[in-house]
Amino acid sequence: MSDGKHLEAVCEAVLAVAGEPVTLEALVAAAGEGATPALVSEALERLAERYRAPGHGLVLERVAGGWRLATRPELEAALRTFAGVRARARLSQAALETLAIIAYRQPVTLPEINFLRGVNSAGVIRTLLERRLVRVAGRKQVVGTPLLYRTTREFLVHFGLDDLSGLPAPSEVGLEDVKEGAVGP
Amino acid sequence: MSDGKHLEAVCEAVLAVAGEPVTLEALVAAAGEGATPALVSEALERLAERYRAPGHGLVLERVAGGWRLATRPELEAALRTFAGVRARARLSQAALETLAIIAYRQPVTLPEINFLRGVNSAGVIRTLLERRLVRVAGRKQVVGTPLLYRTTREFLVHFGLDDLSGLPAPSEVGLEDVKEGAVGP
Amino acid sequence: MDPADVTGAEPWPRPAVVLPAFEGPLDLLLHLVRSKAMSIWDISIADICEQYHAALAAMDELDLEMAGEYLVCAAWLAAIKSRSLLPRQEGEKDPKGELVERLLEYQKVKAAAAELAGLEEVRRGMAAVRVRAALPSPEEEGVQLEEVDLAQLAAALVEVMRRFARDHPPRLDLPPLRFSVREKILELYALIERQRSFPLLSHLLTRPDRLESVTLLVAGLELVRLQVSRVHQRTPFGEIYLTPTGVPLRPEAIGDV
């Protein structure tokens with residue numbers, strides 16, 4: 001089946017998952033038997049026309065080397081707001097790593113965390129403090145008396161633990177256990 | 001500006017970049033001033049309706065407590081031809097059985113799963129954890145404090161469920177033998 | 001069979017007897033009950049035991065882990081069978097009860113798995129839409145906070161430690177020398193003084209510590225350099241003898257070795 005409607009649907013689906021410009025040839029190949037460059041070009045023109053109507057959040061644009069679906073430039077503000085909302089509900093890999101170090105090594109200081117991660121984690125700790133996953137628990141009596149961090153009650157509740165002894169060894173969740181020793185500034 | 005057309009456009013753009021279910025609240029926040037849950041819901045319904053028309057390659061679905069844009073299932077062949085989109089591997093019988101136990105009995109431990117299946121399911125669980133279909137949700141306070149497992153949001157997305165109440169009711173799950181009498185010989 | 005295999009491949013190559021692939025002993029039992037058109041409620045335990053053993057015998061390609069589980073189940077069945085041969089006392093439960101219950105529960109699990117397979121099949125061809133946002137700065141990705149679990153937390157720790165180990169390879173730590181050349185020179189000197197012709201090679205080879213042997217060899221060479229000793233070897237690869245030259249060893253000549 002390669003009627004016009006089907007071609008439009010195929011183009012829309014392929015472009016929506018591609019995330020990058022797709023060549024006409026790739027679209028013709030995806031559409032399968034009976035599809036020709038001419039027929040697919042026509043379907044793309046109709047699709048582009050459709051997206052130009054009010055109520056659409058996407059545009060179909062011709063860019064170098066092919067066709068691409070992108071969001072409408074005038075919706076930038078809404079997309080920014082959404083990105084902010086989503087970022088607040090997420091933990092970055094950096095935050096997750098820092099949380100893991102604090103959980104398994106507590107109490108631990110920022111210099112110790114920086115040493116283990118190899119990058120400054122001050123900003124990440126701020127995020128974890130804001131999310132109430134970690135807290136300040138005194139100062140370490142060493143040069144500079146850095147703050148000590150521990151996980152919070154909310155942390156335990158989030159992970160369904162009664163106490164910290166419930167933290168699983170990596171091997172319990174199918175990972176290789178961490179080799180201890182040699183670690184420490 | 002929050003007229004209907006604008007809301008439709010915002011929803012389409014946000015859902016197109018999200019790549020995962022988006023809650024109604026997040027959409028309302030993204031739409032900005034003047035948007036209400038009721039207005040955004042209406043816009044979403046119109047958007048879903050629009051996608052149902054012929055010539056569309058996408059569907060707007062309610063899944064995992066939010067809204068998600070996905071490609072139409074019947075366009076699988078076209079997407080597979082298109083390089084970069086791989087077909088998802090079917091879950092094995094072992095994985096499906098283990099998932100079924102976790103889904104219906106959550107939270108549940110590995111020993112409980114092993115007993116119900118009659119085979120050790122540790123390896124299967126590891127695979128399900130890797131695929132983010134199940135998650136560790138604390139420990140059971142019994143001898144050995146085994147880890148508890150629950151299904152994830154990804155599980156809901158994978159099976160197209162809005163929430164766990166959408167699982168086929170246990171009574172619907174064909175049990176011809178059970179109908180024959182009370183439990184116990 | 002590899003339980004981690006989620007692709008649904010054949011669990012094991014099929015032998016001459018064509019048996020369906022089983023997910024485990026309970027799956028096999030359920031299959032036997034069905035194939036005999038028995039009801040789970042009135043299983044003949046003697047029958048099922050016999051069939052179970054016959055099926056096991058036909059499945060000689062089981063891997064060890066699975067085989068263990070099948071054997072445990074065989075022992076369990078045998079126990080039920082022997083108990084059911086004994087007369088039952090008043091109020092005692094039917095020994096088959098536990099078997100019936102487990103099979104019913106497993107049947108439910110299989111039915112639920114079939115439901116999930118159906119849901120999955122419908123959605124297999126779908127892909128999440130991912131259009132690029134026309135934004136100047138890319139958004140930071142991460143994991144949804146509410147979905148972060150202990151497995152991911154442990155994985156993050158493993159990742160940190162793995163990277164740490166990669167960026168901080170262990171230093172090459174040389175252990176402190178346990179034997180000094182100076183000490184060994186004095187030791188060898190005393191030996192050749194006493195023995196006139198000292199078999200160095202045999203001595204080296206009988207030292208329990210390789211480091212000590214090396215130190216002794218160096219000490220021997222030092223004695224030669226200081227002209228305190230001579231070296232003889234009568235046959236190639238034969239014994240190496242140290243003999244004194246008559247020049248006395250002056251401790252201050254040893255130097256810093």
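First the proteins, then the strands, lettered A, B, ... as listed; each starts at 1. The figures that follow rest on heavy atoms only: side chains count, while hydrogens, waters and symmetry mates do not.
Ranked by heavy-atom pairs under 4.5 Å with chain C, the list B/Arg150, B/Arg135, B/Glu97 is led by B/Glu97. The choice from B/Ala16, B/Ala13, B/Ala100, B/Ala18 that makes the most heavy-atom pairs within less than 4.5 Å of chain C is B/Ala16. The most heavy-atom pairs under 4.5 Å with chain B, out of C/Val129, C/Val148, C/Leu153, C/Leu119, come from C/Val129. Options C/Val72, C/Leu150, C/Asp149 differ in how many heavy-atom pairs under 4.5 Å they form with chain B, and the most are formed by C/Asp149.
Here the CG-NZ distance, from B/Leu116 to C/Lys110, works out to 14.5 Å after rounding to the nearest 0.5 Å. From B/Leu58, atom CG reaches atom CE of C/Met126 across 9.5 Å, with rounding to the nearest 0.5 Å.
The two residues C/Ala117 and B/Leu96 have their closest heavy-atom pair at CB-CD1, 3.6 Å. Of all the heavy atoms in C/Val131 and B/Val17, the pair that sits closest is O-CG1, 3.2 Å. Among all heavy-atom pairs drawn from C/Ala151 and B/Leu129, the shortest one is CB-CD2, 4.0 Å. Considering every non-hydrogen atom in both C/Arg130 and B/Gly19, the closest pair reads CD-CA, 3.5 Å.
Of the atoms belonging to B/Val59, it is side-chain heavy atoms, and not backbone ones, that fall under 4.5 Å from chain C. With a 4.5 angstrom heavy-atom cutoff, B/Phe155 touches chain C only via side-chain atoms. Neither the backbone nor the side chain of B/Leu75 comes within contact range of chain C; no heavy atoms are under 4.5 Å apart. The parts of B/Leu69 that come within reach of chain C are both its backbone and its side chain, each placing non-hydrogen atoms under 4.5 angstrom from that chain. For chain C, the nearby part of B/Glu61 is the side chain; its heavy atoms alone come within less than 4.5 Å. When heavy atoms are compared at a cutoff of 4.5 Å, B/Glu20 approaches chain C solely by way of its side chain, counted from C-beta outward. Within the 4.5 angstrom heavy-atom criterion, only side-chain atoms of B/Arg68, from C-beta onward, approach chain C.
Of the possible donor and acceptor atoms, none in the side chain of C/Glu23 sits under 3.5 Å from a partner among the backbone N and O of B/Arg117. Side-chain N or O atoms of C/Arg102 include one that pairs as donor or acceptor with a backbone N or O of B/Phe115 at under 3.5 Å.
The ring-ring contact (aromatic ring centres under 6.0 Å, His included) contacts involving residues 16-54 of chain B comprise B/Tyr51-B/His56, where partners must be two or more places apart or lie in separate chains.
No side-chain heavy atom of B/His158 sits under 4.5 Å from any side-chain heavy atom of C/Arg123. Looking only at side-chain heavy atoms (C-beta outward), B/Arg132 and C/Glu147 stay at 4.5 Å or farther from each other. Using a 4.5 Å heavy-atom cutoff, the side chains of C/Phe22 and B/Val119 are not in contact.
The number of heavy atoms from other shown groups lying within 6.0 Å of CD (C/Glu50) does not exceed 12. Within 6.0 Å of CZ in C/Arg210 there are 12 or fewer heavy atoms belonging to other residues, nucleotides or ligands.
Taking a cutoff of 4.0 Å between a charged side-chain nitrogen and a carboxylate oxygen, C/Arg124 and B/Glu76 qualify as a salt bridge.
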